[in-house]
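Here is the structure we will look at, set down as structure tokens.
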There are 2 protein chains.
Amino acid sequence: MNAIVDTRVPFEILTALTPRPEVANDGRPVPLSFFHAGSEIYAQGEKVASHYQIEFGAVRIYRLLADGRRQITAFHLAGETFGFEADLAHHFFAEAIVTTGLRTFRPVAGLDRSRELLPLALRCMVRAQEHLLVVGRQTAIERIAAFLVDMAARQGDLAQIELPMSRQDIGDYLGLTIETVSRVLSRLRDKGVLKFHGLRLLEIRKAETLRSLCE
Amino acid sequence: MNAIVDTRVPFEILTALTPRPEVANDGRPVPLSFFHAGSEIYAQGEKVASHYQIEFGAVRIYRLLADGRRQITAFHLAGETFGFEADLAHHFFAEAIVTTGLRTFRPVAGLDRSRELLPLALRCMVRAQEHLLVVGRQTAIERIAAFLVDMAARQGDLAQIELPMSRQDIGDYLGLTIETVSRVLSRLRDKGVLKFHGLRLLEIRKAETLRSLCE
DNA sequence: CGCTCGCTTGATATAGCTCAAAAGCTGTGG
DNA sequence: CCACAGCTTTTGAGCTATATCAAGCGAGCG
């Protein structure tokens with residue numbers, strides 16, 4: 001884990017973005033650390049020390065095959081918790097997608113967090129298993145639609161949504177190539193379902209059409 | 001949930017197959033129920049009442065799309081625990097694959113099982129996320145190899161393994177059609193990697209080859 | 001202004017799907 | 001014990017969605 005204070009983000013902005021509690025249940029202060037876009041939070045095989053809550057930014061969780069094929073198993077956005085995925089050692093990599101601030105919850109000897117963690121773990125498990133249906137049984141356009149509907153829901157179901165991740169990330173999340181992702185997005189734009197305001201900001205103009213594509 | 005005492009299996013056999021404890025931690029007896037092949041254990045949307053431990057038999061957990069496409073998210077074998085996947089309502093269906101006996105653990109008011117369930121939930125979550133890599137990024141032959149290696153490992157890494165599920169089930173687990181599953185298995189047989197002793201019993205003759213296919 | 005890097009678009013290839021038919025199993029009844 | 005029906009599985013032939021390969025394009029940066 002290599003936290004870095006991101007010098008590109010002014011300190012006033014970082015501190016302004018800190019609405020969540022700064023102490024854990026046991027009264028200890030929870031350290032906040034910053035990560036550059038692309039920097040590693042933890043690696044596969046690392047011994048688990050902590051779990052993390054995202055203060056701002058976005059994180060990708062992924063696995064690799066020997067030849068470099070990558071599967072992103074989850075994206076996590078501001079307010080979400082991740083990193084409790086293992087018994088002793090992580091099975092996945094976690095990286096910041098954009099400049100990200102994390103609160104790190106270290107395990108405290110003698111304090112059992114099972115009760116708070118179980119619902120998070122269950123949510124996460126259900127999410128992964130639902131995603132399995134998307135990747136295993138849906139077409140390219142259905143996968144993209146499901147992804148956009150999910151991202152919109154997690155951003156309060158506003159018409160404008162932000163996609164902090166690259167096309168490659170989206171492809172690796174949905175089990176598609178970058179070209180297919182791009183073609184499907186263009187097709188949805190041409191049909192008037194989406195409108196792009198730059199690459200990472202998009203407007204959903206026909207939410208109903210999109211939703212109907214997920215079945 | 002519609003448990004049925006399977007009249008095809010003599011009672012002496014059923015009772016002989018009961019090595020696991022018959023009382024829960026809180027001292028209550030844990031009821032054992034039997035399910036026919038194909039019968040439903042719980043359905044999507046049902047309110048969660050219990051979790052289950054498999055005494056003998058096998059179970060499939062799955063989701064459906066509106067048009068009938070199915071994704072099996074997990075198979076569970078004898079000795080394994082399942083059914084704790086939800087907050088209030090199940091997100092999936094569970095069915096017996098073959099005649100199956102289950103111990104049902106009902107929640108006991110005032111007794112918090114988080115501590116025992118958390119590791120199970122985490123294992124299950126990691127399993128689902130690892131399966132995502134298989135389905136999202138591996139070829140048909142790699143998926144089948146990964147599946148067989150996993151089944152072998154769960155059956156004590158013996159050369160002989162049993163596949164209680166149909167080809168259709170395997171396809172729906174791996175995101176493949178039944179024809180592709182069949183063709184790949186035939187190809188592995190022709191290469192001398194596998195040998196079939198009937199449809200559901202197979203011998204792994206070149207475990208190393210199989211393992212190398214998973215990368 | 002011109003490079004770079006991520007994205008888009010186009011042309012072609014192919015893994016796996018679909019449709020079709022044959023071949024095994026399993027159970028039933030004569 | 002055999003024959004037949006209703007399955008599941010295997011095999012074959014052709015098709016298609018998506019991958020791959022190959023240019024262009026455009027926004028951000030030095």
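Note on naming: letters A, B, ... go to the chains in the order of the sequence lines (proteins, then strands), and numbering restarts at 1 for each one.
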* By side-chain contact (heavy atoms from CB on, under 4.5 Å) - contacts of B:Arg127 (at least two apart) -> B:Asp150, B:Arg154
* Asked: Is the A:Phe34 ring parallel, tilted or perpendicular to the A:Phe56 ring (thresholds 30°, 60°)?
  -> tilted
* Test item: B:Arg167 and B:Leu185 side chains (from C-beta on) under 4.5 Å apart, heavy atoms -> yes
Can you name the atoms? Protein N/O to nucleotides 2-5 of chain C N/O, anything below 3.5 Å, with the distance.
none

* Heavy-atom check, side chain of B:His90 versus side chain of B:Gln44, under 4.5 Å -> no
* Sequence neighbours left out, what passes side-chain contact (heavy atoms from CB on, under 4.5 Å) with B:Gln155? Give chain and number order. => B:Leu77, B:Met151, B:Ile161, B:Glu162
* Interface with DNA chain C, restricted to residues 188-204 of chain A and to heavy atoms under 4.0 Å -> A:Arg189, A:Leu199, A:Arg200
* Any side-chain heavy atom of A:Leu176 sitting closer than 4.5 Å to one from A:Val184? -> no
* Asked: To the nearest 0.5 Å, what is the distance between CE (B:Met125) and CE (A:Met125)?
  -> 10.0 Å
* Please determine if a side-chain N or O atom of B:Arg183 lies less than 4.0 Å away from the OP1 or OP2 oxygen of C:dG16. => no
* Structure fact -> In this structure, CD1 of B:Ile170 is separated from CZ of B:Phe147 (nearest 0.5 Å) by 4.5 Å
* Asked: Ignoring hydrogens and geometry, is there a side-chain-to-backbone donor-acceptor pair from A:Gln71 to A:Asp172 under 3.5 Å?
  -> yes
* To do: Give, ordered by number, those residues of residues 57-64 of chain A having at least one heavy-atom distance below 4.0 Å to an atom of DNA chain C; if nothing qualifies, reply none.
  => none
* **Within-4.5 Å side-chain heavy-atom neighbours: A:Thr81 and A:His76** => no
* **Protein-nucleotide distance (B:Ile144, atom CD1; C:dA15, atom C1'), rounded to Å** => 14 Å
* On DNA chain D, which is the earliest and which the latest nucleotide, 5' to 3', with an atom closer than 4.0 Å to a heavy atom of chain A? -> D:dT18 to D:dC21
* Hey, could you give me the NE2/CD1 distance between A:His91 and A:Ile61, rounded to the nearest 0.5 Å? => 13.5 Å
* A:Phe75 and A:Tyr173 aromatic ring geometry - parallel, tilted or perpendicular at 30°/60° bounds -> tilted
* To do: Flag the pair A:Leu194 / A:Ile204 as yes when at least one side-chain heavy-atom distance between them is below 4.5 Å, and no otherwise.
  => yes
* Report which part of the nucleic acid B:Ser182 touches: base, sugar-phosphate, or nothing (heavy-atom distance under 4.0 Å, all strands). => base
* Does some side-chain heavy atom of B:Met165 sit less than 4.5 Å from a side-chain heavy atom of B:Arg60? -> no
* Asked: Does A:Thr177 have any side-chain contact (heavy atoms from CB on, under 4.5 Å) partners at least two apart in sequence or in another chain, and if so, which?
  -> A:Glu179, A:Thr180
* Near DNA chain C, which residues from residues 170-181 of chain A have a heavy atom under 4.0 Å away? -> A:Glu179
* To do: Let me know the distance between CZ of B:Arg69 and P of C:dC17, rounded to the nearest Å.
  => 13 Å
* Asked: With sequence neighbours left out, which residue pairs that include part of residues 194-215 of chain A fulfil the ring-ring contact (aromatic ring centres under 6.0 Å, His included) condition?
  -> none
* Asked: Does the pair B:Arg70/B:Asp169 count as a salt bridge with the N-to-O cut at 4.0 Å?
  -> yes
* Asked: Is there a side-chain contact between B:His51 and B:Pro107, using heavy atoms and a 4.5 Å cut-off?
  -> no
* **Distance-only polar pair, side chains of B:Arg183 and B:Ser186, donor-acceptor under 3.5 Å** => no
* To do: Measure the angle between the two terminal helix axes of the helix from C:dC1-D:dG30 to C:dG30-D:dC1, five base pairs each, and quote it to 10°.
  => 30°
* Rounded off to whole Å, could you give me the CZ-to-C1' distance for the A:Arg167 and C:dT9 pair? => 14 Å
* Asked: Would a 4.5 Å heavy-atom cut-off, applied to side chains only, mark A:Phe92 and B:Leu133 as touching?
  -> no
* Asked: Taking DNA chain C as the partner, which of residues 133-143 of chain B come within under 4.0 angstrom of it by heavy atom?
  -> B:Thr139, B:Ala140
* Apply side-chain contact (heavy atoms from CB on, under 4.5 Å) to B:Glu142 and list each qualifying residue two or more places apart in sequence or on a separate chain. => A:Arg69, B:Gln138, B:Thr139, B:Glu215
* Can you tell me how far C1' of C:dC7 sits from CZ of A:Arg187, to the nearest Å? -> 18 Å
